[in-house]
2 protein chains.
Amino acid sequence: MILVGIVEDDNQIRSLLQQYLDRQPGFSCTLVYNSVESFRKALTPETQPDVLLMDIGLPGMSGIDGMKLIKQDYPDTDIIMLTVYNDADKIFQSLCSGATGYLLKNTPLEEIKEGIELLTRGGSPMSPQIARKVIDFFSTEKKAVTSPLSEKEKEIVVGLVDGLSYKLIGDRMNISLETVRFHIKNIYRKLHVHSKAEVISKSLKGEI
Amino acid sequence: MILVGIVEDDNQIRSLLQQYLDRQPGFSCTLVYNSVESFRKALTPETQPDVLLMDIGLPGMSGIDGMKLIKQDYPDTDIIMLTVYNDADKIFQSLCSGATGYLLKNTPLEEIKEGIELLTRGGSPMSPQIARKVIDFFSTEKKAVTSPLSEKEKEIVVGLVDGLSYKLIGDRMNISLETVRFHIKNIYRKLHVHSKAEVISKSLKGEI
DNA sequence: GGTTCAACCCCATAAACAGGGGGGGTGTCA
DNA sequence: TGACACCCCCCCTGTTTATGGGGTTGAACC
């Protein structure tokens, strides 16, 4: 039996969802509230749901902030965001705060049910356009910047990022300390920076 | 009509897939090869498929390396990885290199077909366990690290990350150079590091 | 009232760094 | 052939850093 909770302020959507889900075999949907505050007040280790459908736009505390608190107290409850928001900001905030799924409100009831089942089987339900945004995050993350640095220079940058001293970089690459310095001078010139710190920063931000 | 290509070295899987997909209404599956090399040789702007199913473990060039090349020449072709590998490494390498979907080889033919359709509608097909791994990436990324640093110390870390010298950090925080050094000593001790570079690195990697 | 602790300051020294000179050598490309 | 880009090494300068020591204050805890 999958225990499902709902936090949703729209009365119509909320009762529709509850009635539908509670009728499904293997489902029980009774923890249904219209705000994070009231949900948390009612929550106990005994009533803790397996899956929680969470709206984002709520009166009082937002669903994202609410989720953080709920996850702290009940980390075993998996949370699916169920919202109209499809902007990258809301999506990534949710995922970084611990959401395990993200469905848009136009998702048919049946697919929501399937999403919940998918979740309990170790999957992560996402609306198609959400999935695409998540995937796109990776390919744009490491964009193929045409680095002006030569191979040796890039290797030295890696050493800097690893927190090595010039001497240790030289040892690692089997070149002399002086050569390391020579390369670093060139790196600074090419990147228009004047310190190790800036190089590390640029490198980790993917600007190299 | 969706033009589908396949790069897969297992003869049985390859012909099974081709026969199934080519029979589906709205699908055409003719560009079928057993290696990246032979696929790329045959590829022309005219024959360019809409969707490419790509194996990873291939004789010769790997599917991931192959994808990078294909994406360079034909960025409009969406690529779905179709593979047995479900380790985080392969998944993220693929996504970072431009894959738009990732299905495991145990996916039923029908779901592969649905995945291709989903892709053309702007979605991103992923096997459930892949989706979960991708989602988990975010929640573990910015894990709530209980930073051992005090507020002042964190502020100094910010200064270091910004590439400021001790002196400038002192100016910014209205404390003396000596106090900055005092704090930095403590930061190093707490983080078990011995240089600015390591602090910046840790900070930017979210380990503080 | 004593203890603890973070935050503030000072001193001293060795090492590392930033930036400026020099030398070499290889290769490519016009 | 000369102009470039890359790679390797050395010297010199002054500055910044890392790391050890020594303190005072004031709020907070028991």
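In the text below, chain A, chain B and the rest are named by the order of the sequence lines, each starting its count at 1.
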Colleague: Anything under 3.5 Å between a donor and an acceptor, one on a side chain of residues 90-100 of chain B, the other on a protein residue two or more places apart or in another chain? List them.
Modeller:
from, atom 1, to, atom 2, distance (Å)
Ser94(B), OG, Lys90(B), O, 2.8
Ser97(B), OG, Gln93(B), O, 2.7

Colleague: Would you kindly give the NZ-to-C1' distance between Lys154(B) and dA7(C), to the nearest whole Å?
Modeller: 16 Å
Colleague: What string of B, S and - do you get for nucleotides 7-18 of chain D, 5' to 3', when a contact is any protein heavy atom under 4.0 Å?
Modeller: BBBBBB----BB
Colleague: Kindly write out the residues that satisfy ring-ring contact (aromatic ring centres under 6.0 Å, His included) with Tyr33(B), not counting sequence neighbours, or none if the list is empty.
Modeller: Phe39(B)
Colleague: Are the side chain of Arg132(A) and the backbone of Leu119(B) linked by a donor-acceptor contact shorter than 3.5 Å?
Modeller: yes
Colleague: Take the protein atom CD1 of Ile200(A) and the nucleotide atom P of dC17(C), then report the distance between them rounded to whole Å.
Modeller: 10 Å
Colleague: Hey, does the side chain of Lys133(A) reach the backbone of Asn86(A) with a donor-acceptor pair shorter than 3.5 angstrom?
Modeller: yes
Colleague: Are the side chain of Ser203(A) and the backbone of Val199(A) linked by a donor-acceptor contact shorter than 3.5 Å?
Modeller: no
